[in-house]
Each structure stands twice: as structure tokens, then as C-alpha cells.
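Contents: one structure, followed by commentary.
Letters A, B, ... mirror the listed sequences (proteins, then strands); counts begin at 1. In what follows, every heavy atom counts, from backbone to side chain, and hydrogens, waters and symmetry copies are set aside.
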Amino acid sequence: MDNIRSVKGTKDLLPHDTIHWREVENIIHQFMAVHGYGEIRTPVFEDTKLFHRGIGKDTDIVSKEMYSWTDQGGDNLTLRPELTAPVVRAYIQHQMGTLRPLNRLYYIDSLFRRERPQKGRQREFHQFGIEAIGSPHPEQDAEVITMAYKIYETFGIKGLSVKINSIGSAEIREPYLATLRDALNSVKSALCNTCQNRIDKNALRLFDCKNPACQEILDKNAPFIFDHITDNDRSHFGRVTAILDEMGIPYDHDRKLVRGLDYYTHTTFEITSSTLGAQDALCGGGRYDKLVEELGGKSTPAVGFAAGMERLFIAFGDDGEHEHSLADIYFLTLGEKATQKGFVLAEEIREKHGVSVVSETLQRSMKAQMREANRLGVQFVVILGDNELEKGIAVVKNMDSSEQEEIPLDKLSDHFMVDGQE
RNA sequence: GUGGCUGUAGUUCAGUUGGUUAGAGCACCUGAUUGUGGUUCAGGAUGUCGUGGGUUCAAAUCCCAUCAGUCACCCCA
């Protein structure tokens, strides 16, 4: 009989992990609050059509990585593989655009993609990200990129590299792709198979190919989309970089940076860290001026980024090996009566002072309980046995100094108030 | 979906050219201290050697398959 284990590509977060996750999440929440972004939480599953329309049918995500199923009522549903489309769906559904001209939103949530797991990639993973919906102006692009950079900086991540590019407005996409195909037709046979397929299906993505031979051919023959964008697009990009310069954000203009999802327009960017390995992207994002309209809303420009939580933890180079105290006080009891009384007193201490108190429920020996108290890293142990109960006192032991004193039971909870204020 | 590497105790790993009772550190438990932890000392428990088949007198060890983990490709966070 095989034991059931977590599904491939999914992970349990144990207390040892969650303590670390919560620290990071708290910093993110605080960071977002300071920037005036409000949290949004959307359902883990959506109508499959949302992703078909939002992400693009020919993308890898939609064509082969989604967890989709038909439920008992015949609805076609999908576990969200990304969060921009759901957030935009919610934005439209709740007519958030009518409340104010600009909505600044952020999220920390889990996503699902059926890929082969490897370092920095799971089937269920977590992202935090922001979506600023409503501003067409370069200031908004700059704010988003600055925030992405700054949050990694506050986390102390080393080896950061920001790459940015512009793929222009949607109107120039088709004419550009036509010239790109023309330019490559003569050398098509020299490209790798996937590149040859992409020429027709998703030509922009040619630039993502890591095959050195393909790259060489592209360098020689392929025109960059950046050189085909309009003057307006170019000045938009210039404003974005000017603000980044002013903010002291280091970046590289990477003309080959085109991103994988169909909805991007104008600015695209990515932050990588050299500490990560093969999956080196910490976060990616850009402007998506057509998506709101695409999903049935009023034409509204937007910018955002999505950042991988698991990759952030890898970049920390820290598996959460911190020694955290799980409790402040261990309530050691010996015998049935003392244990019962101890439950009442422990609760009194919790209620009065809000400190964490752990009671004994294993009926262990004193030695075993002391060892447990030490393992938990508590500062105090309250000892209550028959002897103490008879005398109406409890022994309070300070685990650092090993000193102990007798405290009358009716003064026990007050005793910790004094100590807590030291 | 494709390829490489790895599966031995809770965990990290050792286990010689196949050889009979499969080991160590850490962790855990008990005792020294009949009611006092973290140090020390003494002792203890724990394994379908990932699973299934094959070769052999004999398999943790060799072969095949399968599953799982991991890294990389693809792609992305």
C-alpha cells in the first residue's frame, strides 16, 4: 500500500517554513501600503475562457500547461496560471474604473502550471505582484519598475539586474512581424526547429531562443522591434528611463527582451538575479494597454509585474534555518490535579498578557518536560506538581539564569506582567 | 513532453571485486540526577535497502522495467 504524498511539483509549508514566509509577506504588505496599493484576492479558479482571451491561445501556458476541467454542471474551469487576467476580470466586473481613474492593486497568491518541476519552478507556486490600472503615462511604468527593484533591494538580494525594453504599441506589431519574417525567410533553414515554428506562430519569441546558432543568425539578420516603434513610443520609453535614472535605478536596455504573454505592449521588463541558476527571473512585467478592452472592459491602459515567491526564497540563499522560539512560557505540570489547575492558570496568563503559554498534554516526566521546554526555547518554565499545589504556589524558573522562585498561585499571572515589562 | 543524475533508519550519508546478523553522525527515547533543561557519560528503539521482475548457491551491490526525487531543455515567476 503506497503512502499518499503531495502531488508532484507541490510543497507543504511546515511551521518551520511558514514563520519565514510570514515575515516576507508582512514586509510585502507593508511595502505595498506605503506605496498606496490595495490588496486584491481573486478565486483560485476561473472560467477557462478568461485565460484563452487574456493570455493568448498560442502561448505555452494556455496550450499545454493549464489545469482545466469540466465540472459536474458542465462549466469549463481552470486553476489560474497567472494573475493579471483574473485581476483585470475583477476590475471590469466591479467597475473599479468608475470609482477612480487609477486603481493600484497588489496580490500575494498561488498559481498553477503543469510543467516539469525543477529548481525555482513548481506546479503550484506563489507570486506577489502589482497591477496599476488606468494610467497610460510613463510615470506609471517607472513607478512599477522602481517598486519592483526597490522591494528586492529592501530584501537585500544581491546580483540584481534590470532589463527593460519597449515593444511599442499594438498597432506596429503586425507590420513589424511581417518585416521580421521577410528578413528571416532566406536564412530560415539554418534556425532550430522551434524557431522555424515560431516564425509563423509567434515570431516575437524568436528572440528568446537560447540556441547560440540562432542568436547569431538573429543578430545578423533580424531587425529589433524597438527600431520599428513609433516616435511617440520611443519618447514614452525615453521618459521611463529618464525617471529610472533620476531614481538611481540601474538598468540595461535589452532590445531582445520580448515577453511570453500576448498582452504586453510598450514597456517590458525583467529583474534577474545571478544567485538563482537556470531559472534566473525573479520578476517580470510590463505594460498591457489592450488587455482590459480585450476582456470586455472599456479601453484602459495598465502596467504591472509578477514576482515569484519561491525564487525570492532561493535568492535569499536561506532555507529558513532560523531558531525561532515557539512559545514564551512552558507550563510544566506533574499529576492529574496539577495539570488540570495548570490549564486554568495557563489560560489566565495568556488572556492577561497575550504571551504564548504551552501546557503539557503528554503526561511526561519532569525531565522530559524540561527538555521540551528547552527545545521550544521558552524563557520561563512554570512548575506545578502536587507539592506546589498543596502549598498553593508554583515554581517559576528562568531558563537563562536557571534561577527559580516560588510564586503564590493567585499572584502567578501578575508575576509575568512585571517580567514582561523588563 | 525530452535528457542526465540519485533512491539504504526521522534526517545526512557509509556499505570494499556480489558473501551470510545492513552501519555511523545528528535527531529521538530511557537512565546516571526516585521532581529540574541546555554540557557530559551509559544504554535503547527505528529499515518491506523506492517498487516489481530477472541473473546467481548467494543481491543493498549486477541486469531490465517502473515509480519518486533532483538538475537541465522547452517555457516561465
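- There is no side-chain donor-acceptor pair under 3.5 Å between A:Asp328 and A:His353.
- Look at the P atom in both B:U55 and B:A27: the space between them is 46 Å, to the nearest Å.
- Closest approach to the A:Lys11 side chain among B:A77, B:U70, B:C74 is made by B:U70 (side chain taken as heavy atoms from C-beta onward).
- Residues A:Thr84 and A:Glu131 have side chains that bring a donor and an acceptor to within less than 3.5 angstrom of each other.
- Two rings, from A:Phe380 and A:Phe416, have their centers less than 6.0 Å apart.
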Protein-nucleotides 1-6 of chain B N/O pairs under 3.5 Å:
| residue | atom | partner | partner atom | Å |
| --- | --- | --- | --- | --- |
| B:U2 | O4 | A:Arg116 | NH1 | 2.4 |

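- Remark: the separation of the P atoms in B:G47 and B:A24 is 15 Å, to the nearest Å.
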For nucleotides 67-69 of chain B, give me every protein contact, N/O to N/O, under 3.5 Å, one pair per line with atom names.
| residue | atom | partner | partner atom | Å |
| --- | --- | --- | --- | --- |
| B:G69 | OP2 | A:Lys8 | NZ | 3.2 |

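- Taking the P atoms as reference points, B:U11 lies 37 Å from B:C57, given to the whole Å.
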Test side chain to side chain donor-acceptor pair (under 3.5 Å) on A:Ser169 and A:Asp233; report intermediate values, then the result. CA-CA 7 Å; A:Ser169 45; A:Asp233 294 344; 3.2 Å; yes
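- Rounded to a whole Å, the CZ atom of A:Arg123 is 18 Å from the P atom of B:A77.
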Can you run through RNA chain B from 5' to 3' and write each base as (, ), [, ], | or . depending on how it pairs? Watson-Crick or G-U wobble, both distances under 3.5 Å. (((((((..((((.....[...)))).(((((.......))))).....(((((..]....))))))))))))....
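- If you take NZ of A:Lys119 and C1' of B:A77, they are 15 Å apart, rounded to a whole angstrom.
- Taking the ring centroids of A:Tyr288 and A:His266, they lie at or beyond the 6.0 Å cut-off.
- Nucleotides B:G19 and B:C26 are separated by 28 Å at their P atoms, to the nearest Å.
- In this structure, a donor-acceptor pair under 3.5 Å is present between the side chains of A:Glu360 and A:Tyr330.
- Nucleotides B:G18 and B:G54 have their C1' atoms positioned 15 Å apart, rounded to a whole Å.
- Within the 4.0 angstrom heavy-atom criterion, base atoms lie near A:Gly120.
- Listed by first and then second residue, the ring-ring contact (aromatic ring centres under 6.0 Å, His included) pairs involving residues 151-179 of chain A are A:Phe155-A:Phe316, A:Tyr176-A:His228 (not counting sequence neighbours).
- Smallest separation of non-hydrogen atoms from A:Ala132 and A:Val144: CB-CG2, 4.4 Å.
- Rounded to whole Å, the C1' atom of B:U66 lies 30 Å from the corresponding atom of B:U20.
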How does protein contact run along nucleotides 32-43 of chain B, one letter per nucleotide 5' to 3', with B for base contact, S for sugar-phosphate only, - for none, heavy atoms under 4.0 Å? ---BBBB-----
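- Side-chain atoms of A:Asn76 and A:Thr48 form a donor-acceptor pair, as typed in the model, at a separation below 3.5 Å.
- Taking the six-membered ring where tryptophan is involved, the planes of A:His253 and A:Phe237 are tilted, since the angle between them lies from 30° to 60°.
- Sorted by first and then second residue, the ring-ring contact (aromatic ring centres under 6.0 Å, His included) pairs involving residues 33-53 of chain A (not counting sequence neighbours) are A:Phe31-A:His35, A:Phe45-A:Trp69.
- By the 4.0 Å N-to-carboxylate-O rule, A:Glu388 lies too far from A:Lys391 to be salt-bridged with it.
- A donor-acceptor contact under 3.5 angstrom links the side chains of A:Glu348 and A:Ser413, judged on distance only.
- Mapping A:Pro117 and A:Glu65 onto RNA chain B by nearest heavy atom places A:Pro117 at the nucleotide closer to the 5' end.
- OP1 or OP2 of B:A72 lies within a sub-4.0 Å distance of a side-chain N or O belonging to A:Gln118.
- The separation of B:A42 from B:U33, taken at their C1' atoms, amounts to 14 Å, rounded to a whole angstrom.
- The number of heavy-atom neighbours closer than 6.0 Å to NZ of A:Lys341, taken from other residues, nucleotides and ligands shown, is 12 or below.
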